[in-house]
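Position 1 is the first residue of the sequence; numbering continues from there. Note: hydrogens, waters and symmetry copies are ignored here, and every other heavy atom, side chains too, is used.
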Amino acid sequence: MTDLTELTAVQLVDGYRKGAFSPEEAVRAVLERAERIQPEVNAFVRLTGEEALEQARRAGERWRRGEPCGRLDGVPVTVKDILLTRGQPTLRGSRAVSPDGPWTEDAPSVARLREHGAVFVGKTTTPEFGWKGVTDSPLSGVTRNPHDPSRTAGGSSGGAAAAVSLGAGPLALGTDGGGSVRIPASFCGVFGLKPTYGRVPLYPASAFGTLAHVGPLARDAADAALMLDVVGAPDARDWSALGPAPGSYTEALSGGVRGLRVAYSPSLGGQVAVRPEVAGAVRRAVERLAELGAYVTETDPDFADPVDAFHTLWFSGTARVVQHLRAGQRELLDPGLREIVGAGARYSALDYLAAVDVRMELGRRMGLFHQSYDLLVTPTVPITAFEAGAEVPKGSGHRRWTGWTPFTYPFNLTQQPACSVPAGVDGDGLPVGVQIVAARHRDDLVLRAAHALYEAGAGTSARW
């Protein structure tokens, strides 16, 4: 008998269409899986079983009539507890946020999923206000890695990645301000996409400004493309959102990589110390792209680590997030968050504008780089998952999470599309991710290349 929790969204929709199984059966199986994994990995802040089953029943009736309401009718999805979801509290991982409603509005991406019939099975965990690259908070505790519960799931969309990895829904909505979709995708062995900024509208506006992206986590690139086709529609509430997508991302998957110019940067010009097992897995993925017909050149983009500029923008954003809180409420915050809030509050307007200048120059350099190369490939993270409940690996010497994520946050500064594809595992069985980056607005190329790896059997968190 088919294990419905192991099917992709594409496979579920196909099964509904053929009458092989129903949305009710799929959602019930996903909810049972979610309840079973929750005590060990802590991927959810809230499961919505009764509501989900009622949504699934209505979807089943539509499929039986041959009248699905959209492209994801009856497909189970999860939503990171950063994004507004009508009828459910959105606490953002914080004890300082009141659960009292009314919760009457959907974020744009959630609204598009609802319009297409997606079934919401729960809200996934996040660090407080999504501030760091691991997932633990004073509100919901520590989220753990599906491959080894003593390790972190990554973050800040850690609950979303863990849920997808363990079959608690094939699709998850996450957010990414400095790697928060790609980092947990890498650590948990799933696919994660940070689209071009504005491709997925965001409301309410993020205090992190145009660093903040919304994107899918999924089993594979085909599911992510399907989800992006749905959530990438415009929304009048986001003045910075892009117009309609130029075409279907699902239809663009089949183009392959033959003839694409791929720049392979194993360490950003020696700036990053990459663990050997990670480097080896990423190199094998790049070799597979070459076997598939891509023109691969080992070369590096010409930029220095922009971490200081990123910190100025990120820490200022956190200070703004909590500016409205009273002193007593601030005492409830994660201690690490309080530290960066203090730093962010000390920056001047001139400091902020200087960071914007660095960002603009980085964007210029990457724009020119992509005139020569269609894609840039790097490790997603230079390490694999470390101990759960820590912001940085023990003994690493890093002070903040940005110390071990140098491959991800630069492309939030530049607003480029970037994804993480599973590229194997290390000696401890922990997943490794390969990052694929393209020029702004070329989400189709990122998805095409990732899909080519999956089609070739390379997109997996098992050894290949």
Do [Y] and [X] meet the salt-bridge criterion of a basic N to acidic O distance under 4.0 Å?
X    : Y    : value
D106 : R112 : no
D136 : K132 : yes
E455 : R448 : no
D73  : R71  : no
R365 : E361 : yes
R400 : E391 : yes
R284 : E287 : no

Does a donor on one side chain and an acceptor on the other come within less than 3.5 Å for [X] and [Y]?
X    : Y    : answer
T250 : D229 : yes
R275 : T384 : yes
S240 : Y197 : yes
T175 : H213 : no

Seminar exercise, completed: Closest heavy-atom pair, P201 versus D238, reported as atoms and distance to 0.1 Å, is CA-OD2, 3.4 Å
Exercise. Nearest heavy-atom pair of V164 and A218: which atoms, and what distance?
Worked result: CG1-C, 3.6 Å
For this session: Name all pairs fulfilling the salt bridge (charged side-chain N to carboxylate O under 4.0 Å, His left out) condition that reach into residues 244-267, sequence neighbours left out, sorted by first residue then second.
Result: R261-D374
Problem set entry | Euclidean distance, S396 OG relative to I383 CD1, rounded to 0.5 Å | 7.5 Å
Problem set entry | Pair W404 + F386: ring centers closer than 6.0 Å | yes
Exercise. Is the distance between the ring centroids of Y347 and Y352 under 6.0 Å?
Worked result: no
For this session: Would you indicate whether E40, at its atom CD, is surrounded by more than 12 heavy atoms from other residues, nucleotides or ligands within a distance under 6.0 Å?
Result: no
Exercise. Is there a side-chain contact between Q435 and C419, using heavy atoms and a 4.5 Å cut-off?
Worked result: no
Problem set entry | salt bridge (charged side-chain N to carboxylate O under 4.0 Å, His left out) against D357, all qualifying residues, sequence neighbours excluded | none
Problem set entry | Option among R182, R199, K194 that satisfies the salt bridge (charged side-chain N to carboxylate O under 4.0 Å, His left out) test with D176 | R182
